[in-house]
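A short worksheet on the structure shown next.
All values below were derived from every heavy atom in this structure, side-chain atoms included, with hydrogens, water molecules and symmetry-related copies excluded. These numbers come from a predicted model, not from an experiment. In what follows, every chain begins at residue 1, and chains take the letters A, B, ... in the order their sequences are listed.
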Amino acid sequence: MIQAAAGPPAIVPADTVWILVSTALVLLMTPAAAFFYGGLVRAKNALNTMMMCLGAFGAVGVTWAVAGYSVAFSGSGRFLGDTGFLFLHGVGLEARGSIPHLLFMAYQCTFAVVTAVLIAGAVVERMRYGAYLVFISLWSLVVYAPLAHWVWGGGWLATLGVLDFAGGTVVHVNAGVAAAVAALVVGRRKDYGRQAVLPHNVPFVMLGAGLLYFGWFGFNGGSALAANGSAVQAFVTTLLAPMATLLVWMALDAMRTRRATAVGAATAIVVGLVVITPAAGYVSPMGALALGALGAIPSYCAIVLRARTRLDDSLDVLAGHGIGGITGALLTGVFADARWGGVNGLLHGRPVQLGLQAIGVLVAIAYSGVMSLVLLRLVGLFIPLRVADRGQGVGLDITEHGEEAYTNGEGALLLLDRRTDPARRSAFATTTTDSTRERA
Amino acid sequence: MIQAAAGPPAIVPADTVWILVSTALVLLMTPAAAFFYGGLVRAKNALNTMMMCLGAFGAVGVTWAVAGYSVAFSGSGRFLGDTGFLFLHGVGLEARGSIPHLLFMAYQCTFAVVTAVLIAGAVVERMRYGAYLVFISLWSLVVYAPLAHWVWGGGWLATLGVLDFAGGTVVHVNAGVAAAVAALVVGRRKDYGRQAVLPHNVPFVMLGAGLLYFGWFGFNGGSALAANGSAVQAFVTTLLAPMATLLVWMALDAMRTRRATAVGAATAIVVGLVVITPAAGYVSPMGALALGALGAIPSYCAIVLRARTRLDDSLDVLAGHGIGGITGALLTGVFADARWGGVNGLLHGRPVQLGLQAIGVLVAIAYSGVMSLVLLRLVGLFIPLRVADRGQGVGLDITEHGEEAYTNGEGALLLLDRRTDPARRSAFATTTTDSTRERA
Amino acid sequence: MIQAAAGPPAIVPADTVWILVSTALVLLMTPAAAFFYGGLVRAKNALNTMMMCLGAFGAVGVTWAVAGYSVAFSGSGRFLGDTGFLFLHGVGLEARGSIPHLLFMAYQCTFAVVTAVLIAGAVVERMRYGAYLVFISLWSLVVYAPLAHWVWGGGWLATLGVLDFAGGTVVHVNAGVAAAVAALVVGRRKDYGRQAVLPHNVPFVMLGAGLLYFGWFGFNGGSALAANGSAVQAFVTTLLAPMATLLVWMALDAMRTRRATAVGAATAIVVGLVVITPAAGYVSPMGALALGALGAIPSYCAIVLRARTRLDDSLDVLAGHGIGGITGALLTGVFADARWGGVNGLLHGRPVQLGLQAIGVLVAIAYSGVMSLVLLRLVGLFIPLRVADRGQGVGLDITEHGEEAYTNGEGALLLLDRRTDPARRSAFATTTTDSTRERA
Amino acid sequence: MKLIVAIIRPDRLSEVLERLYRAEVRGLTVSRVMGHGGEVDQVATYRGLTVKMELQEKVRLEIGVSEPFVDVTVRAILESASTGEVGDGKIFVMPVEHVYRIRTGERDEAAVTPAGKLS
Amino acid sequence: MKLIVAIIRPDRLSEVLERLYRAEVRGLTVSRVMGHGGEVDQVATYRGLTVKMELQEKVRLEIGVSEPFVDVTVRAILESASTGEVGDGKIFVMPVEHVYRIRTGERDEAAVTPAGKLS
Amino acid sequence: MKLIVAIIRPDRLSEVLERLYRAEVRGLTVSRVMGHGGEVDQVATYRGLTVKMELQEKVRLEIGVSEPFVDVTVRAILESASTGEVGDGKIFVMPVEHVYRIRTGERDEAAVTPAGKLS
Ligand SMILES: Nc1ncnc2c1ncn2[C@@H]1O[C@H](COP(=O)(O)OP(=O)(O)O)[C@@H](O)[C@H]1O
Ligand SMILES: Nc1ncnc2c1ncn2[C@@H]1O[C@H](COP(=O)(O)OP(=O)(O)O)[C@@H](O)[C@H]1O
Ligand SMILES: Nc1ncnc2c1ncn2[C@@H]1O[C@H](COP(=O)(O)OP(=O)(O)O)[C@@H](O)[C@H]1O
């Protein structure tokens, strides 16, 4: 309506506001993931896990601004962007669609960060922090950015007609596959299979799930890139799908173990959000409920089965995001409804869309799988990827960050190095002489 | 301004954005309540309490989409909606007011969820999870939806002239009364009155209060259903009232115990928000400060007195939401100011409004009280409502969800069932054979 | 664009929505700071620290509505506002710029609260709660409001040409200096320098940092007071700068101690946000990255050095906000780019701006330093500022609030006073007779 | 002098403390422990896994008493801590050579007598 | 009767419990403690400060056994808890005068025999 | 061999550890406990309720020493842990029959001598 009043490319304030808000919401998903993941690990690895998320703001965020955005969104190549937007050159306040170009870049930046962060869940409690940061930075450039180009940057998958509203394949299948590869390359945790590794703080997991639900409105709703009907539709399907997933998940849980677990419920909400992501702007609200309900099943089974395998995808990124993303992408080809956004899917008489979706999924799996493997091996040539068993025993918070998540009152439990000079202990109970430090 | 340019029912993008944001904010109130409530209980019931909140997304959310919305908002009946919107039939992207109809439904959906969740606070640490979910689903359909219809859906209370901007009676009085009834029907916790049950994590309570304050801007500000002056007014009164409540509450606390407590401060913020809810769009900013300040007193006294009674409304839902909602609804009839939205109240020479408000309150109390009782008895016929004393001793996290909120490092404390087969203990410290499970 | 269509002062809905959202976001920064600070102290002082933040909603919020706003934003005086807006008189829904005046007041209110809250970080674990609340209320009136007037209310610093987009000097330099003064006047913690006082909950610190990042979009992005290009620019520079700061900070950390710490990363994000605050609407996106990267260095060094001094600025408010604010204000004079908002700085051939910025900084330091000292001495005449050593040993949660942040399960550890009347212990394990209370 | 160490159920702590108070036992130290005995194990579920929690929460009491109080104390605990179900816990009576009161340096009997009794 | 108190590494707990089970030792109590011995200290960094953590996490086992079980138990722990690196911990064998089973009031031998053995 | 068990105030831990170090006592184990004695109770407020916290936070030290060290250790603790106010805590000296060093299997004296002393 307002758009109609404007000339060719004009900025619409309401659209701008919505994408400003959406960008902030997607940004919040990274700390949200930090809590979702951080609560699921043992206390001695909590900070490391959360730092794997927050650290991506630095590593991936800067990479994106400097180069990733250009790879994904400059030029009109079928396979790669050009160098036009390197160092954000030429990205200003002019319109891109109905919002300022710079804002579009920022919105995409928050996607790049949170996608890379998802991978962390598969390698927590054992991967070296430096190697991890280098890997996800490269990954965002070499794996994520090209895939984003193919689907959203006008590349070949978009041309082919693959539907991916907000990132089912680009974000979730992609990250899920990369995560499984990373789990394999980095190897199992030293205790895997011998001890039950229980979450140290389930309320944090629920906080993470709650904030992810909240932030995902920006992820899906904002993907309309305007405050229009499509945004509203995507928003509401994003609201409804996880509700159905949650209900089905609790039922499955109750059938299997007679109780609905809290970790299960938190997982269900995330899986519901993943499943609706590629479909958000293409299906009806009732379709969203159906999609959410059906989407619970593959991921639920995958999680139950994965625990019996030797694949230590520690926080089930493959089962949650990979399988969830595949389910969502395929079901988009089933439930897509032209009355609710573009094209019809299988259910509305157009089975070809399901095939197209399958192609999208296969391409993402293949590209992400191969390239992630190559990158990890490459990084592994220069930096060891894995913390030694002994360090895993101590916990990565201490080995990688020299900190503990929780220290109990009365710093009293901390003393000066007595061996070096007991007499010096008078004034300070702490020393700052770096030379006497030893690696734990 | 923009509205003027549009034909009869037209969608206004800025309004749409504001209600998108408001919906997301209200959604966040459910996890916020999970933390507010979850922090107040003992650690052994923390997950159960939080699941009572998050589980409502599934149970109440789906109920609302499938049927509740139709009961509340379809047709033009004085007492009940019709079946027009069952299964969201006919709820699309067309305008309802100046926003898409689907968005209006979603916004109301988040209200239904969070209202039902409030009840949890009265039955935590003892109600069976399944029975609870069934109860609140039915309750949202049979108690909440009709009341919403009467006040907001064009029903008889609206026609009568009862003011309830964002849900003082529909949400807070209603939930508060239902909570008290539920506390009575389910019965006291086994330890009630014998042991002091202290909050296990007060920072979580403060996190909950902070997020509720934030989310409530969507609750009250969004109730204008447009980005207009009324929204701004409701937003700002919502900002100011809790500030005054907090100040008065801390003063009362300091007078009574010489200290301002943190749980008290968190409670004060919520009570201030409750009090301003029915009045948000009808009173002046200074009126909001007065309302917030006065509103502290009845709830403060109710909480102090309740603790001396045998009514185990564990987290004081009646005192906080019920009494707070009543205070707010009545004071709306006192402070309402035609210059600031519609009609005058007692202070501005129109005492009749106070009477109308009283009617609204009494109707909500009566309807909610009776129907909640009936529903609980009904559910109780099929499912026991209460966890046995022994299970309460163990904690509901284990009995209802088979989990613990906090497990300390080194899953090492977990072993295989040795009695069945010690030899098998070689490889895995965990078993997945469901058949050997026993209920704690 | 839309603005062009409007008459002289007209309200623009999209701008209104953006400032509504921004106000909510800035409000959230206060609970965010509560977690950032609360996680850094010892468990026995966690609630007190968080209450220093949340209590400001009552103390400072009401002060602002009643008088502070008038001091800062009424009239056209060069040095002080007049009494025109006392008690919000005359502050209604009419336009101020393109948003309702009342909303502008509310937005500024959230700034006043969060600025005062920053000071808490310097006096935690020892300052008496009552004295603190009185101090920050007066401070917001006597120090913050005038400074806000000089820079944003049309006062002399604005006229001079000092740039401060969202509060580098008004908020951060101001609060940082006041904090250092407060640390000096209140004195060191009893354990300072003898024991290492470690953070009790680092995940809370990371939650705080995450929410601050999220809320800061309202702080900086909202400071454009419209949903225009300036808002987008400020938003995006606010996104980018902390990313660069984080990267540099982790590198500095790794160079100094061979590990990137989590507390360091959380601090880096906040410092990056502080540094970009004065510059947000004046520099290019690449300028923001440069500013963020450079801005890490002075604050990093200040934190390392401060720990070796006798100044117990417990949570490094001076180093983080004071030094960060100064760095940001000065670098604004370096990187300001007329193509990106107004005037040029040193790098673009206008060195005079750097001098102006230095004047702004010096004025803020001098005014805040002197006035904060006077106010603290004044408050100290009537109320002791400091909790006695013994109380510090017990912890301020108990002495100031009569609560503990975490109590472990089974309130069982709580018993009635046996000495007074063992026989009475039958029914209730808790007593409410205030007369028998004793101060710990 | 003896040190009585008792492992009890957390939910009996209240009663035990009360009973000890009545028996004029004033000084004691409490800690949270985990125990394994003949109890039925609890089951927890974590995503795909079902795990047994073989360690149950217990509370450990440590009470230094002079000889005449040993029997009184043991009896008080036996009576108040027992529920009759497996998992009630154990009491250990251990010899102590000396007890000191840190505040005054007093030794043995004097160290465990409540201050009030002396004046 | 003896009370065996063992301080071990947290990451050996699993093995120790398993070995004790095989040695037919069924009842025990576990708690988390912090220990200081000859271990190399860990280093933590907090903003400007580098601090040494001289106390390491350990687990404390408390096992009441009748005389014939003392050696068996000690040996089971020695074998399963040792890694050969400094910090493996200590075992203390202490005399106990009486043991009571709270549930039944049974004393001494009877109190530490698993219920199953009696029937 | 003796096991010295001391209950002290948390805020004296630092001083006690330092004094023990000077007394050449190198091995010890620390845990957090709650104690009840003659102390004035703390008061907490929770919404409508005022509750007494009859248990205070304390720290428990457990130190295995050979005979010649017993007095030294007790004296070191008495001197460094005392504040003169009610609630300073207690020391229990208990007999130990054997001590084992898990790492090496060494027994008694050898087990409590710091590794450095042997070489
Ligand atoms: N031999 C033992 N040594 C130390 N603690 C024990 C011993 N046996 C049992 N316990 C403690 O007592 C608790 C209950 O013991 P259990 O044997 O299950 O109960 P009951 O005495 O009723 O048969 C256990 O959880 C454990 O903490
Ligand atoms: N004398 C002692 N008394 C009590 N606990 C001790 C004693 N010596 C050592 N410990 C405990 O044993 C742990 C390991 O002791 P340490 O002497 O470092 O190892 P090792 O026995 O391998 O030489 C310590 O962390 C401490 O908990
Ligand atoms: N008989 C006892 N047995 C075990 N612990 C005790 C005993 N008496 C006191 N304690 C511990 O010592 C602490 C201080 O004791 P209390 O009697 O109050 O102090 P004081 O020794 O200064 O008179 C208590 O909190 C408790 O932990």
Side-chain angles (χ1 to χ4, degrees), chain E residues 1-13 15-16 19 29-41 51-62 65 67 70-71 73-97, chain F residues 1-8 10 13-34 58-66 73 76 92-119:
Chain E
M1 309 298 302
K2 294 283 176 292
L3 188 71
I4 298 176
V5 173
I7 315 292
I8 62 169
R9 293 181 189 277
D11 44 343
R12 301 307 296 170
L13 179 57
E15 280 79 6
V16 174
R19 186 68 67 94
T29 299
V30 174
S31 52
R32 311 207 128 233
V33 296
M34 310 279 280
H36 179 68
E39 300 104 326
V40 169
D41 299 326
V51 290
K52 292 207 168 284
M53 326 277 279
E54 299 216 329
L55 296 168
Q56 313 277 326
E57 298 226 326
K58 302 282 165 190
V59 164
R60 181 180 189 271
L61 299 179
E62 213 168 1
V65 290
E67 303 295 340
V70 175
D71 270 7
T73 307
V74 168
R75 230 169 322 116
I77 299 174
L78 283 178
E79 281 163 21
S80 54
S82 150
T83 67
E85 302 207 37
V86 176
D88 279 352
K90 305 272 186 268
I91 303 175
F92 302 98
V93 180
M94 306 177 69
V96 169
E97 295 188 358
Chain F
M1 308 299 302
K2 294 283 176 293
L3 188 72
I4 297 176
V5 174
I7 315 292
I8 62 168
L13 178 57
S14 239
E15 280 79 5
V16 173
L17 290 179
E18 185 177 344
R19 186 67 66 94
L20 287 173
Y21 181 84
R22 293 229 184 104
E24 310 246 307
V25 177
R26 295 294 146 93
L28 51 80
T29 298
V30 174
S31 53
R32 312 207 128 234
V33 296
M34 309 279 280
K58 302 282 167 193
V59 164
R60 181 178 189 273
L61 299 178
E62 212 168 3
I63 315 171
V65 292
S66 53
T73 307
F92 301 99
V93 180
M94 306 178 69
V96 170
E97 295 188 357
H98 296 298
V99 184
Y100 297 85
R101 184 193 299 276
I102 291 176
R103 174 162 50 94
T104 56
E106 286 165 297
R107 212 169 91 169
D108 300 344
E109 310 286 291
V112 294
T113 322
K117 296 272 153 154
L118 295 174
S119 55

Proximity breakdown for E:Arg75 and chain F, heavy-atom pairs closer than 4.5 Å = neither

Looking at residues at least two apart in the chain, or sitting in another chain, which of them share a side chain to side chain contact (heavy atoms under 4.5 Å, CB included) with F:Lys2?
-> D:Glu97, F:Val65, F:Glu67, F:Val70, F:Val93

With E:Thr83, which residues qualify under side chain to side chain contact (heavy atoms under 4.5 Å, CB included), at least two apart?
-> E:Arg9, E:Arg12, E:Glu85, E:Asp88

Which atom names give the shortest non-hydrogen contact between [X] and [Y], and what distance separates them?
| X | Y | value |
| --- | --- | --- |
| F:Pro95 | E:Pro95 | O-CD, 3.3 Å |
| E:Arg32 | F:Ser31 | O-CB, 4.3 Å |
| F:Arg101 | E:Leu78 | O-CD2, 4.1 Å |
| F:Arg26 | E:His36 | O-CD2, 3.1 Å |

Ranked by heavy-atom pairs below 4.5 Å to chain F, first place among E:Val33, E:Ile91, E:Ile8 goes to E:Ile91

Could you tell me which portion of F:Arg107 (side chain, backbone, both or neither) has an atom closer than 4.5 angstrom to a non-hydrogen atom of chain E?
-> neither

Which bit of F:Leu28 is near chain E, if near means a heavy-atom gap under 4.5 Å: side chain, backbone, both or neither?
-> both

Separation of F:Leu13 CG from E:Leu55 CG (nearest 0.5 Å) = 7.0 Å

Atom CZ in E:Arg60, atom OG1 in F:Thr29: separation rounded to 0.5 Å?
-> 8.5 Å

Can you tell if the side chain of F:Glu62 reaches within under 4.5 Å of the side chain of E:Val5, non-hydrogen atoms only?
-> yes

Within the distance-only criterion (no hydrogens, no angle test), does the side chain of E:Lys90 pair as donor or acceptor with the backbone N or O of F:Ala111 below 3.5 angstrom?
-> yes

